[in-house]
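Structure first, commentary second.
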Amino acid sequence: MKILIINGPNLNMLGIREPDHYGRATYADLVARIRAHAKEKGVRVAFVQSNHEGDLVDAIQHAYRRYDGIVINPGAYTHTSVAILDAVKAVSVPTVEVHISDVEAREEFRHVSYIRAACLATIAGHGTDGYLEAIDLLLAKGAEA
Ligand code: DQA
């Protein structure tokens, strides 16, 4: 199984940005953690991080027929981007939405997620563990297929 891990804007600033919300682990720490977990589970992973909405759309389109699943944290584009929602719908690759912080417990504008409608599940507020849980969920779904 091949899974594409997509991170949106400002997630390259993990470890620096608002540690009360996002913790102290850096983006490099996150990638290393996911790689170790994926290795243990026998899953192949690739990573994309971009601060640009169109790049995220391109990454999702790239997954078409190349990946068995997508784990995506669209960052702030979660709350604004119809284009990212449409991209996930277009490729119909099983996708899990992840948020490090508990978006439901934060400002009201963070309660809206456009992409959620196209996702198998949303995992929020579990810190960086959420990415590992998302991989496990995709694996479980893949095993069912
Ligand atoms: C986030 C939550 C978003 O509201 C925010 O804009 C982010 C990160 C999270 O991982 O908790 O950039 O997606």
Side-chain angles (χ1 to χ4, degrees), residues 1-41 43-64 66-142:
M1 181 176 243
K2 279 173 74 182
I3 298 177
L4 184 61
I5 314 288
I6 303 176
N7 277 287
N10 299 307
L11 290 156
N12 56 317
M13 297 294 281
L14 284 178
I16 298 164
R17 76 182 289 214
E18 305 179 83
D20 289 351
H21 284 304
Y22 304 115
R24 297 266 171 208
T26 64
Y27 179 70
D29 295 336
L30 173 66
V31 168
R33 240 189 120 204
I34 294 172
R35 274 196 206 289
H37 185 76
K39 194 173 174 194
E40 208 174 284
K41 301 278 173 166
V43 176
R44 283 197 282 162
V45 281
F47 297 85
V48 172
Q49 188 281 322
S50 175
N51 296 324
H52 305 280
E53 186 176 10
D55 287 349
L56 301 175
V57 170
D58 287 345
I60 293 163
Q61 290 186 6
H62 179 77
Y64 180 65
R66 291 189 180 93
Y67 288 88
D68 307 300
I70 296 173
V71 172
I72 184 166
N73 181 347
Y77 290 132
T78 305
H79 318 300
T80 62
S81 180
V82 177
I84 291 174
L85 165 67
D86 284 349
V88 175
K89 282 187 169 172
V91 297
S92 40
V93 175
T95 298
V96 178
E97 173 190 15
V98 172
H99 300 287
I100 296 168
S101 67
D102 183 4
V103 279
E104 292 294 331
R106 298 180 64 191
E107 304 94 319
E108 211 161 307
F109 63 83
R110 292 185 207 275
H111 300 182
V112 173
S113 166
Y114 284 90
I115 195 176
R116 184 170 304 169
C119 291
L120 281 179
T122 297
I123 298 171
H126 298 185
T128 51
D129 286 354
Y131 292 84
L132 313 186
E133 292 167 21
I135 289 172
D136 292 348
L137 203 147
L138 285 170
L139 257 179
K141 293 280 170 194

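Note that the structure is predicted; figures quoted are calculated from it, not measured. Each ligand, and each atom within it, is numbered from 1 in the order the structure gives. Count residues from 1 along the sequence.
A perpendicular orientation is assigned to the rings of F109 and H79, their planes being inclined by more than 60° (bins at 30° and 60°).
Between R24 and D29, none of the side-chain N atoms (NZ, or NE/NH1/NH2) sits under 4.0 Å from a carboxylate O, so this pair counts as no salt bridge.
T78 places none of its side-chain heavy atoms less than 4.5 Å from the side chain of V112. By the 4.5 Å heavy-atom criterion applied to side chains, N73 and E97 are not counted as neighbours. Residues H99 and P74 have side chains in contact (heavy-atom distance under 4.5 Å, counting atoms from C-beta outward).
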With the criterion set at N/O pairs under 3.5 Å, what does the list of contacts between the protein and ligand 1 look like, atom names and distances included?
residue	atom	partner	partner atom	Å
ligand 1	4 (O)	H79	NE2	2.7
ligand 1	4 (O)	R110	NH1	2.8
ligand 1	6 (O)	A76	N	3.2
ligand 1	6 (O)	R110	NH1	3.1
ligand 1	10 (O)	N73	ND2	2.8
ligand 1	10 (O)	I100	N	2.8
ligand 1	11 (O)	I100	N	3.2
ligand 1	11 (O)	S101	N	2.8
ligand 1	11 (O)	S101	OG	2.6
ligand 1	12 (O)	R17	NH1	3.1
ligand 1	12 (O)	R17	NH2	3.1
ligand 1	13 (O)	N73	OD1	2.8
ligand 1	13 (O)	H99	ND1	2.8

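Other residues, nucleotides and ligands contribute only 12 or fewer heavy atoms inside 6.0 Å of the NZ atom of K89.
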